[in-house]
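Positions are given from 1, in the same order as the sequence printed here. Keep in mind that this is a model prediction, so the values were computed, not measured.
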Amino acid sequence: MKLYTNDSNTISLKILISCEIVGKNVEIEIVQVDDKRFQGPKRLPVLLLDNGINLFSSNTAVSVLVHPSEKDIQAVNKWLSWEAEKLQPVLVLYHNKTEFISIVEEFFNELDSTLSSSTHLVGDKITAADICVWAALYPLYSEDKFKTSLFDSRKGILKWFENLYQEKYFKDAEKKLNAKKGLVALHSIASACWYPLSGSASDDVSASSKEKSDELVSAEEVNLAVSAWEKGPSSRVKIKQQKKPILPVKGEKNILITSSLPYVNNVPHLGNIIGCVLSADVFARYCRARSWNTLYISGTDEYGTATETKALEEGVTPQEICDKYFAIHSDIYSWFNISFDHFGRTTTVDQTEVAQCIFTACHENGFTSTAEMDQLFCEKCERFLADRFVEGTCPDCKFEDARGDQCDGCGHLMNTVDLISPRCKLCQNTPVVRQSQQLFLELPKIESWLEDWVNRTSDGWSHNAKVITKSWLNKGLKPRCITRDLKWGVPVPLKNFGTKVFYVWFDAPIGYMSMTKVYTKDWLKWWKVDPQFDVKLYQFMAKDNVPFHGIMFPATLYACKGSHVMVSHLMATEFLNYEDGKFSKSRGIGVFGNDAKETGIPSDIFRFYLLYIRPESQDSNFSWSDFALKVNTELLNNVGNFINRSLMFADKFYAGCIPPICVTEEEKKLLGLVRMELKSYISALDKAKLRDGIKYILNISRHGNLYIQSHKPWELVKGSDDEKSRAGTIVGIACNLVCLITSLLQPFMPDTVKTISQQLNLPIESFSIQPDFIPYLDAGHKIGKPFPLFTKIEPALAESLKAKYAGRQKSGSPESATPSIPSNLNNLANANDYLKAIKSLEEAVTKQGDLVRCMKAAGKSKDELQPMIGVLLDLKKKHTEMKSAYEKQTNGLPLPEKEKGSNPDIISSLEKEVANQGEKVRSLKSSGADKSVWQPEVNILLDLKKKLAEATGTPVVQPQPAGKKKKSKK
């Protein structure tokens with residue numbers, strides 16, 4: 001094997017360390033950055049394998065040499081992506097900037113949080129992840145100012161880095177490379193890596209070191225790319241304009257898209273928005289750009305106890321609450337450019353009609369049952385209490401403010417009657433148990449069909465949707481109650497059930513159907529299986545909604561035997577956090593839909609970042625510093641820089657006209673690379689992997705930037721006729737790449753696409769998404785006036801926004817109870833110390849419980865309650881642990897019972913009685929009385945001592961059994 005690298009490019013350490021680990025010999029050849037063998041897509045370092053294959057990505061080379069185990073591969077790949085896509089670009093772009101340390105600290109903190117509790121990034125031995133991240137950090141560790149500010153204060157990273165540095169593999173690799181360190185190494189890396197730096201046209205070729213795992217583009221791929229290019233602009237297909245109302249079309253792809261219905265009892269935050277409506281919008285826009293027949297339906301979920309509760313809090317009717325929040329949601333989604341074909345509501349006549357019709361079919365087909373349920377009835381309010389109107393103690397974790405349907409402390413699902421010490425939320429009265437007849441959906445009858453259906457159809461689902469649905473099936477399904485004793489909901493159309501409504505989980509998913517009915521009278525063409533129309537249903541939601549869409553709704557549709565269209569692609573996200581915490585409207589923490597609008601930052605910028613960090617496989621985090629970083633590096637310096645430079649060259653050197661293009665071998669290689677990225681983009685978006693789609697757009701822009709920067713058209717245009725012709729080709733290719741990027745951005749940034757289309761002087765329908773890169777612009781096409789697309793997010797703005805949405809100051813927040821107990825149990829010398837600690841914990845539990853109850857009574861949100869509930873549960877856990885420690889200390893002695901009205905007078909009286917009885921026992925024993933005489937008096941004495949102990953809270957010391965006295969030693 002042979003390693004080609006420029007001098008002091010310490011990224012080469014990745015490959016050399018790996019070779020040392022696997023015992024492979026490798027020859028090193030130091031080459032110049034401008035060596036013609038390593039231009040275009042080929043950048044340094046390059047590893048030539050024994051079989052003649054070149055690996056241009058060091059991370060790929062490491063993975064080939066030190067292949068991760070099957071169980072570790074996902075975790076290792078996650079770290080390799082983190083290093084390549086997050087860490088390296090920042091190291092290269094900002095290492096010579098004054099704000100470098102403040103920018104890179106975020107990544108060091110993320111790394112340190114992992115390494116503080118682990119010796120390696122993955123598992124308990126060296127993997128490709130350790131090698132690649134270590135080598136990336138090597139130049140910083142070897143530069144004193146960076147080591148001091150970034151390593152020394154982070155003990156997890158420091159220990160990990162230095163332990164690896166002592167490994168023979170790492171020492172030998174360092175010795176073989178014999179490279180300069182610190183800033184010299186960073187400059188060397190920057191001169192030979194992928195991302196172009198933002199700057200003037202006279203800047204040298206320089207790129208950030210996202211080391212993309214490029215595959216070598218085959219000759220066949222290049223030929224296919226060239227063939228597509230040669231078809232010319234006239235062969236491009238424009239976006240098909242859909243006729244209204246949109247209906248399925250025979251022989252075409254018919255895509256029905258829904259996003260889970262948000263409750264109308266609050267303002268949606270950014271996590272809500274990316275979890276459903278924005279994700280569905282991007283996919284809908286993608287489908288339209290492919291000219292697929294597409295209908296996107298969503299709306300607000302307006303029935304149920306959540307709405308009634310909010311109405312009671314605000315002192316209005318449920319309908320007024322629904323009207324208020326429907327308007328708020330509609331306004332927010334409009335600002336975010338969510339392209340619903342219809343945004344509806346569940347409080348419609350159509351919803352009642354469709355829900356009742358589906359229920360009646362389920363009922364008549366034998367898939368419902370009735371049963372008497374024990375329910376809580378408030379005699380003071382004269383009503384059965386629905387889940388949200390009851391609170392009490394959780395039977396599992398003993399949390400004292402659990403809701404009637406679910407415990408906020410442990411997440412346990414329950415029925416209201418399971419609560420210990422229940423109370424009516426409206427009047428705080430203790431309800432009584434009464435029988436109430438309810439309807440159930442007989443899921444056990446449907447279980448075998450559901451299991452088979454999930455196995456047949458879930459290949460197109462997101463991973464978490466499959467896992468959650470199958471876990472429900474594995475546990476076995478039980479009959480599910482579908483009615484409630486409420487007024488605000490869809491009435492049950494059965495005799496003897498006139499006072500009941502459907503449980504919201506039953507009728508809410510039916511809302512997709514009723515909203516389609518409001519949109520078009522031919523709604524059944526979308527929702528009934530018809531051999532003429534191949535309709536595919538895509539449903540977008542956060543993971544907490546999966547059971548309702550993967551189990552309940554399909555079971556309902558099956559039970560009604562209506563041959564309805566079932567979900568084919570269930571796409572669920574994980575959760576989005578805010579600055580490593582939770583969103584909370586009541587505490588002012590996090591960015592909500594109305595807040596985003598008020599920042600003055602365009603909605604497209606929020607769309608881009610939310611999709612860049614979309615929580616597809618794990619929870620992700622909105623961070624203002626990362627927001628600014630991604631906007632400035634990816635949008636401003638990468639995409640914006642490429643588009644503006646390309647169009648400015650055409651405007652400046654060719655009077656805004658596209659010059660003739662003469663494709664050479666360099667262009668053919670570029671077309672091959674772009675084809676590879678385009679294929680990956682389409683593959684990702686077809687599967688609704690939206691975050692990956694962003695990545696491939698950015699990659700194409702990088703290729704374009706590197707192409708311009710490598711060939712310097714601003715110099716060629718001043719040269720010979722051949723050089724001027726070459727400059728024209730470069731500018732023409734670049735402007736067509738701008739068009740391709742515009743097409744691919746269309747699902748993600750619709751306002752930006754409108755702006756670029758004006759600068760290109762092309763209609764929006766020109767930007768279709770096709771499997772091949774076919775040119776958009778004929779020679780001579782006159783473009784509009786180019787201008788910069790994006791504005792830099794200054795660090796000061798990011799900091800001010802972070803402070804603005806950080807919530808109220810600590811002094812205004814409720815304070816948790818803090819018991820006075822030693823942190824170390826070894827500090828407790830005796831049983832009395834334990835009893836004092838136990839008493840302090842009991843008081844803290846009471847205080848914290850009162851705090852949580854007050855917060856719930858004040859209508860605080862779940863996000864605000866959860867930390868306080870966590871404190872309460874932790875106190876209860878410590879109380880249990882302290883009681884166990886006490887019993888161990890006292891050899892199993894039980895705790896004294898709590899005082900029942902004891903006071904100092906009672907204690908004083910008991911002390912006197914103990915003293916008098918003790919004196920009596922001693923007198924009897926000294927008089928030589930028989931045991932039968934004094935033993936009853938001893939029993940009285942022991943009983944008095946026990947009462948005194950209970951009154952004072954001290955342990956009762958049991959007398960030791962009598963034994964022979966030991967003879968004293970003389």
Problem - Verdict with reasoning, K253 to D534, per salt bridge (Lys or Arg N to Asp or Glu O under 4.0 Å) - result: CA-CA 7 Å; K253 269 196 170 185; D534 181 22; over 6 Å; no

Under a 3.5 Å cutoff, is there a donor and acceptor pairing between the side chains of [X] and [Y]?
{"X": "Q438", "Y": "T483", "result": "yes"}
{"X": "S743", "Y": "Y776", "result": "yes"}
{"X": "S369", "Y": "E442", "result": "yes"}

Report the relative orientation of the aromatic rings in [X] and [Y]; use parallel for angles under 30°, tilted for 30 to 60°, perpendicular for over 60°.
{"X": "F359", "Y": "H363", "result": "parallel"}
{"X": "Y286", "Y": "W292", "result": "perpendicular"}
{"X": "F622", "Y": "Y609", "result": "perpendicular"}
{"X": "W488", "Y": "Y303", "result": "perpendicular"}
{"X": "Y538", "Y": "F540", "result": "parallel"}
{"X": "W449", "Y": "W453", "result": "parallel"}

Can you measure from [atom1] ([X]) to [atom2] ([Y]) and round to the nearest 0.5 angstrom?
{"X": "R285", "Y": "I239", "atom1": "CZ", "atom2": "CD1", "answer": "10.5 Å"}
{"X": "T307", "Y": "Y325", "atom1": "OG1", "atom2": "OH", "answer": "10.5 Å"}
{"X": "L494", "Y": "T368", "atom1": "CG", "atom2": "OG1", "answer": "7.5 Å"}
{"X": "I297", "Y": "I257", "atom1": "CD1", "atom2": "CD1", "answer": "10.5 Å"}
{"X": "S298", "Y": "H342", "atom1": "OG", "atom2": "NE2", "answer": "10.0 Å"}
{"X": "I769", "Y": "L745", "atom1": "CD1", "atom2": "CG", "answer": "9.5 Å"}

Could you tell me which non-hydrogen atom of [X] sits nearest to which non-hydrogen atom of [Y], and how far apart they are?
{"X": "A572", "Y": "A465", "value": "CB-CB, 4.3 Å"}
{"X": "N594", "Y": "I332", "value": "N-CD1, 3.7 Å"}
{"X": "I774", "Y": "K231", "value": "CD1-CD, 4.3 Å"}
{"X": "A355", "Y": "D507", "value": "CB-CB, 4.3 Å"}
{"X": "P493", "Y": "T360", "value": "CG-OG1, 4.0 Å"}
{"X": "E677", "Y": "I700", "value": "CB-CG1, 3.5 Å"}

Exercise for the section: Would you sort out whether K487 and T499 count as a side-chain hydrogen bond (donor to acceptor under 3.5 Å, both in side chains), showing the intermediate values? Expected result: CA-CA 7 Å; K487 295 178 182 178; T499 60; over 6 Å; no

Exercise for the section: Could you go through the side-chain hydrogen bond (donor to acceptor under 3.5 Å, both in side chains) check for N577 and N621 one step at a time? Expected result: CA-CA 5 Å; N577 295 320; N621 181 57; 5.5 Å; no

Practice task
Check whether any side-chain N or O of Q618 sits under 3.5 Å from a backbone N or O of E574 as a donor-acceptor pair, and report yes or no.
Solution key: no

Handout entry: I246 backbone acceptor or donor facing W526 side chain under 3.5 Å
Key = yes

Take atom [atom1] in [X]; do more than 12 heavy atoms of anything else shown fall under 6.0 Å from it?
{"X": "K689", "atom1": "NZ", "value": "no"}
{"X": "K536", "atom1": "NZ", "value": "no"}
{"X": "Q74", "atom1": "CD", "value": "no"}

With a 4.5 Å cut-off on side-chain heavy atoms, are [Y] and [X] touching?
{"X": "Y612", "Y": "R691", "value": "no"}
{"X": "T556", "Y": "F506", "value": "yes"}
{"X": "I482", "Y": "F440", "value": "no"}
{"X": "S768", "Y": "K238", "value": "no"}
{"X": "I682", "Y": "Y696", "value": "no"}
{"X": "H564", "Y": "M513", "value": "yes"}
{"X": "L441", "Y": "P479", "value": "no"}
{"X": "L576", "Y": "H269", "value": "no"}

Practice task
Assess whether side chain to side chain contact (heavy atoms under 4.5 Å, CB included) is satisfied between C739 and L762, documenting all intermediate values.
Solution key: CA-CA 9 Å; C739 294; L762 285 176; 4.0 Å; yes

Handout entry: Candidate pair V501 and V490, rule side chain to side chain contact (heavy atoms under 4.5 Å, CB included), full reasoning
Key = CA-CA 5 Å; V501 298; V490 174; 5.7 Å; no

Exercise for the section: Apply salt bridge (Lys or Arg N to Asp or Glu O under 4.0 Å) to D686 and R290, showing your working. Expected result: CA-CA 10 Å; D686 280 353; R290 296 296 304 274; 3.5 Å; yes

Problem - All side chain to side chain donor-acceptor pair (under 3.5 Å) counterparts of T370, not counting sequence neighbours - result: none

Could you tell me whether [X] and [Y] have a side-chain N and a carboxylate O separated by less than 4.0 Å?
{"X": "D530", "Y": "K525", "result": "no"}
{"X": "E447", "Y": "K478", "result": "no"}
{"X": "D341", "Y": "R288", "result": "yes"}

Exercise for the section: Report the C-alpha separation of D522 and K528 in whole Å, then their side-chain angles, then the decisive distance to 0.1 Å, and conclude whether the salt bridge (Lys or Arg N to Asp or Glu O under 4.0 Å) test is met. Expected result: CA-CA 10 Å; D522 295 318; K528 286 271 193 175; over 6 Å; no

Practice task
Measure from NZ or CZ of K561 to the centre of the six-membered ring of Y558, then state whether that distance is under 6.0 Å and the direction lies within 45° of the axis.
Solution key: yes

Exercise for the section: Run the numbers on D692 and K687 for salt bridge (Lys or Arg N to Asp or Glu O under 4.0 Å), then give the verdict. Expected result: CA-CA 10 Å; D692 286 348; K687 298 168 186 168; over 6 Å; no

Exercise for the section: With side chain to side chain contact (heavy atoms under 4.5 Å, CB included) as the test, would you mind laying out the steps for H329 and N272 before giving the verdict? Expected result: CA-CA 11 Å; H329 279 255; N272 303 138; over 6 Å; no

Practice task
Under the side chain to side chain contact (heavy atoms under 4.5 Å, CB included) rule, what do R345 and Q351 come out as? Steps first, then yes or no, please.
Solution key: CA-CA 8 Å; R345 313 174 67 170; Q351 171 71 2; over 6 Å; no

Practice task
Would you please indicate yes or no on a ring centroid separation below 6.0 angstrom for F283 and H569?
Solution key: no

Exercise for the section: I would like to know whether S279 and R614 meet side-chain hydrogen bond (donor to acceptor under 3.5 Å, both in side chains); could you show each step before the answer? Expected result: CA-CA 9 Å; S279 293; R614 183 174 184 255; 2.8 Å; yes

Exercise for the section: In sequence, state the C-alpha distance, the side-chain angles, and the governing distance for D350 and T348, and then conclude on side-chain hydrogen bond (donor to acceptor under 3.5 Å, both in side chains). Expected result: CA-CA 5 Å; D350 292 288; T348 64; 4.8 Å; no

